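Worksheet: the structure to be examined is printed underneath.
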Amino acid sequence: MSTSCSRRRLHLATPRDRARAWLLGAAVLVAACVSGPGQLRFHNRAPVSHMNDAVATPPPHRRVVAKTVYYFEYDVTRPIAHALSVPERTIAGNVSSLGEVPDSSWFTNRIGVRDVSVAEIRRGGPRETPPTPPLRVREVFAGGGLLAKDANGVAFVLKLDTPLFPELASAADVITQRMLWAVGYNVPQDSIVQVGRTDLVVDADATTEYNGVDVPFREDDLDAMLAPQERDTAGRYRVLASEFLPGIPVGPFTTEGTRSDDPNDRIPHEHHRELRGWYVFFGWLGHTDLHPGNLVDMWIEDPPGSGLGHLTHNLIDFDQSLGAFAVASDSEWDTYAHRVDYRYLVPSVLALGMWKRPWEGIPPSPLRGVGRFDVEHFRPDGYHPRDYFAPFLHKTDLDCFWAAKILMRIEPHHIRAAVESAQLSDPRSTEYLVETLIARQRKSARHWLGKLTPLDRFAVTQRGEAAALCATDLLMQHGLADASAPDSYEVAVYDGDGRPRRRRRVLAPAADAQLCVGGLDPAASYLIVELRAKGRDRALPPVFVHLAAHPRTRALRIIGLDRRG
Amino acid sequence: MLRLGPLLAALVCLWMLATVVHAKPSRREEATEREREAEPTRTDGVAQPARSRGRKALWIPRSLLYVPRRAVVLALSPIRVALWAYDRYDLRNRFFRVFYFEDRTWGLYPTARFQSQLGASVGGRMVHHDLFDNGGRLDFSGTWGRKFGGRATFYADTGWLGRSPVALGVDAEYRLIPADRFYGIGNADLAASADDDPIDALRRDAATSSRFSHELARGGPALTIRAAPAIQLAISTTYTRRRFGAPTRATDDPRIDQAFTRDSLVGYGGVSNVYTQLRLSYDTVESRWTSAVPSSGTFASLYGGPTRGFGPDPSRFGRLGLDLQRFVDLFDGNRVLRLRLLVETVIGSLRRIPFAELPTLGGAAWLRGYPRARFRDRIAAIATVEYVYPIDHRVSGFLFVEPGRVWSDPTELTLEHLRMGFGGGFQLHRTSSFIARIQLASTIHGGFHVNLVFSPPTAPRDPA
């Protein structure tokens, strides 16, 4: 038993404390009596770590989304219809028996699974890909982005900062892109480059859209675009260069359901854990721009010339994250509320302005290149994307717990490398963003890891004749434990039929955050170990670790986690 | 006799209990079925899936809410279809391609509008957003509706000429109102029914609702000088021509010349005059949230000038007005208290002031809650206390109270028989511009008005 636990007992001095302790004890007792491992059992096989959803198929049709209809659907109709449908929170459908998301065309486990180097973070991906001048501009998009090809024929989308807010959008983009890449999402490789006017050449047949039709784009049009931009001492412009994603774009992926013309797409997208987990990552990064244009499916022909291939599902455009949109568009509600937010609409009418809403009264940062992005007003469960996002309507604490685990694998030096890659001219801005990202990361992780039994990294070790199940207390490991964090765990062991094998025990994690349950019968064919966190103020839902004897070696191994939430 | 109610209730309870308690369906069959499924849907390695115990009971609220859910979706589907067409057929760009010249500065397009109390109207509008490449504006529009009548307006200004603090403009309007209202002159209560004998409007001892047709043509040039960043001086000359007659649309109200004596309706035979105005404005108003909601500062405007009639028009009077507005930022630039005092007076004998040129109160902007031009006399004053607060990013709410009245003479100024309007509503706006107001207003004397207003509440008062 840890000393901290003993010390806490001494604090139960007041009648209120004693009453709370009795209530908690009673709750734990009742929970222990009525619960058990239940009916859930796992196949005796190794957890899936890769999902083969890249079976070669013909290219799907290019999907076109009516943006206005999408906004109407997800700002007005769908939230009401969703609430009236009395939805049931369901466990994500694409998780392994350990609750992890296997590698797929959506997600690749990177940080924590392998060492992600600082150099990779600085590059924003596995390769060095800054564009090689000259850059030939071929097209200008409606939003102001320039489609250009560099000297090697590689296509890039070039973006300029809003002259009124230099460095803001480009810095937000590269920082967020690097963090999301490290986590495991498919994102384009973005970088900040300094280009001179002579590095940019407008193609003779370059076009831009005007009144819905393509019109020529000329050198003097480019001059007009560049005129209000800042230049460095060498006369160069700061440009965000985003490498074109590999493959052929086939339109956005839906946030609900599946793509009917992609046989690999079998799990409704709202039930993808990695999409639900965006809630944690995007909340941390203040990224809210989730409209369909930024959710891109690319068809990759494999092998080339075969006419067959598979889709990858990508996320683009992060230049409105880190509070940049709130500043540049004067939308201080961004990340706090949806564009149309029923939770604020009716109370705002009735309160007659006497209710101070969460985003109000917060002064903008005076630092160059920094948006409305702070720690003090950040609430991990208070994040709201601009439009309702279907996977978030279905998310559970299990999804957020999964995301928070990955979030804490990002080390401070990773964050610093990402922020430094934004090349902010004011070192104070760099320091502020590093500190703020770290503080928000810890705040978010403390919240989401604290909602469930915070044990992970389960492993079976052999201790003499018996086996032991060891796990890591994530809150303790990351120094996130506070007064409400669990300080001990109640442990029970069941056989495969759900019958108790041993008397319940209470264990405390060691100083290195390791908790080991020893004395497991190595000859057992199926064991279930229940671990229930005990805190001072509340009981957390338990986690059941399912172990089975390997069919060949007969050694106990973990085949599944039943994490209750 | 068999009592079915309790029996049914007991059966439902038993069934629900069984649903909750019996949580063990044929899991082996289910597992076998899942086993058959090929990768990639199988990732979880679950042999016997967990089920939430209360899941089956969810059919009850789902059934109850099925109809409301479908109703919401159905009710919103016309908007969805319209938006789909907007996107599918790129209607915004098509609009500009069809009705605007290539650089979108010149445009000529049809208009349609519905106004409370004035019904539907249709027309056309020609605009130029960048006259002389100087930010100048040209706006020419024509509107017609059965109740509304006809209206044509022309406006053009040069913008600030070069880098000078001088702008030139010209403004003209032609208006045909089939059944305009006249209630008499003064602050009197409305009579329940008109007397048989016509009222002498100049004696101001009674008010009744009457109608007349009103043809108005006016226009003239204006010169604006920016004397300092916050101070502007504007000089304008307006020629006005008015013709009155019997209403050209059937109404329940009597004709003006039946309800009031012909002699007391000064200018009824026709108005043809010139008004020269000097306006000095001081403007330090700032907006922190949206320019549609000023958040702090002061706007003060002092204006006035003489009016002289031609031919049979007896007009010979002076006009003087003061418009004071103060915006108090209560919180965050979007909880704002708007205080306004507007006093307007005409100086001269009532026999030399056409009844249509007297300052009026009532309508959607001045003494809200009362009908348009319900009160008119030589002096009109109104005080507005309006509180604006945010609801959504593009919607704000407002509450107001608006006391005011008219007087016939400065020596009779009193706050007795004060008229008071109050109400509230919602204002729609963009980040950079006002869109419209939906306004509900009433008065201490009863009555209820709903207005859709397309001009911002801070706009200066037009000449009568």
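All chains are named by letter (A, B, ...) in the order of the sequence lines, taking the proteins before the strands, and each is independently numbered beginning at 1. From a predicted model like this one, the values you see are computed outputs, not experimental measurements.
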Return yes when atom [atom1] of [X] has more than 12 non-hydrogen atoms of other residues, nucleotides or ligands closer than 6.0 Å, and no otherwise.
| X | atom1 | value |
| --- | --- | --- |
| Phe331(B) | CZ | yes |
| Arg430(B) | CZ | no |
| Phe101(B) | CZ | no |
| Glu209(A) | CD | yes |

Single hit among Leu64(B), Leu58(B), Ile60(B) for side-chain contact (heavy atoms from CB on, under 4.5 Å) with Val86(A): Leu58(B)

Looking at side-chain heavy atoms only, is the closest gap between [X] and [Y] below 4.5 Å?
| X | Y | result |
| --- | --- | --- |
| Tyr344(A) | Ile391(B) | no |
| Glu360(A) | Arg335(B) | yes |
| Val69(A) | Tyr86(B) | no |
| Ser85(A) | Arg62(B) | no |

Does any heavy atom of chain B fall under 4.5 Å from the side chain of [X], the backbone, both, or neither of them?
| X | value |
| --- | --- |
| Val213(A) | both |
| Pro347(A) | neither |
| Glu100(A) | neither |
| His338(A) | backbone |
| Leu352(A) | both |

Contact origin within Tyr66(B) toward chain A - heavy atom pairs under 4.5 Å: neither

Heavy-atom contact with chain A under 4.5 Å, split by part of Phe96(B): both

Inter-residue atom distance Asp332(B).CG - Arg357(A).CZ, 0.5 Å rounding: 9.0 Å

Straight-line distance of Arg288(B) CZ to Asp330(A) CG, nearest 0.5 Å: 10.0 Å

Nearest heavy-atom neighbours spanning Phe72(A) and Leu76(B): CE2-O, 3.7 Å

Ring-face cation of Arg104(B) near Tyr210(A) (centre distance under 6.0 Å, axis angle within 45°): yes

Expected output: side-chain Tyr389(B) to main-chain Ser348(A) donor-acceptor under 3.5 Å: no

Contacts of residues 88-95 of chain B with chain A (heavy atom under 4.5 Å): Asp90(B), Asn93(B)

Close contacts, residues 392-403 of chain B versus chain A, judged by heavy atoms under 4.5 Å: Asp392(B), His393(B), Leu399(B)

Residues forming a ring-ring contact (aromatic ring centres under 6.0 Å, His included) with His546(A), sequence neighbours excluded: Phe42(A), Tyr526(A)

side-chain contact (heavy atoms from CB on, under 4.5 Å) involving Arg259(A) - partner list, sequence neighbours excluded: Pro60(A), Arg63(A), Val250(A), Asp261(A), Asp262(A), Asp265(A), Asp297(A), Leu311(A)

Best-contacting candidate, Val101(A), Val65(A), Val55(A), Val349(A), against chain B by heavy atom pairs under 4.5 angstrom: Val349(A)

Distance-only side-chain donor-acceptor flag, Asp87(B) / Thr68(A), under 3.5 Å: yes

Options Trp289(B), Trp84(B), Tyr387(B), ranked by heavy-atom pairs under 4.5 Å with chain A, top entry: Tyr387(B)

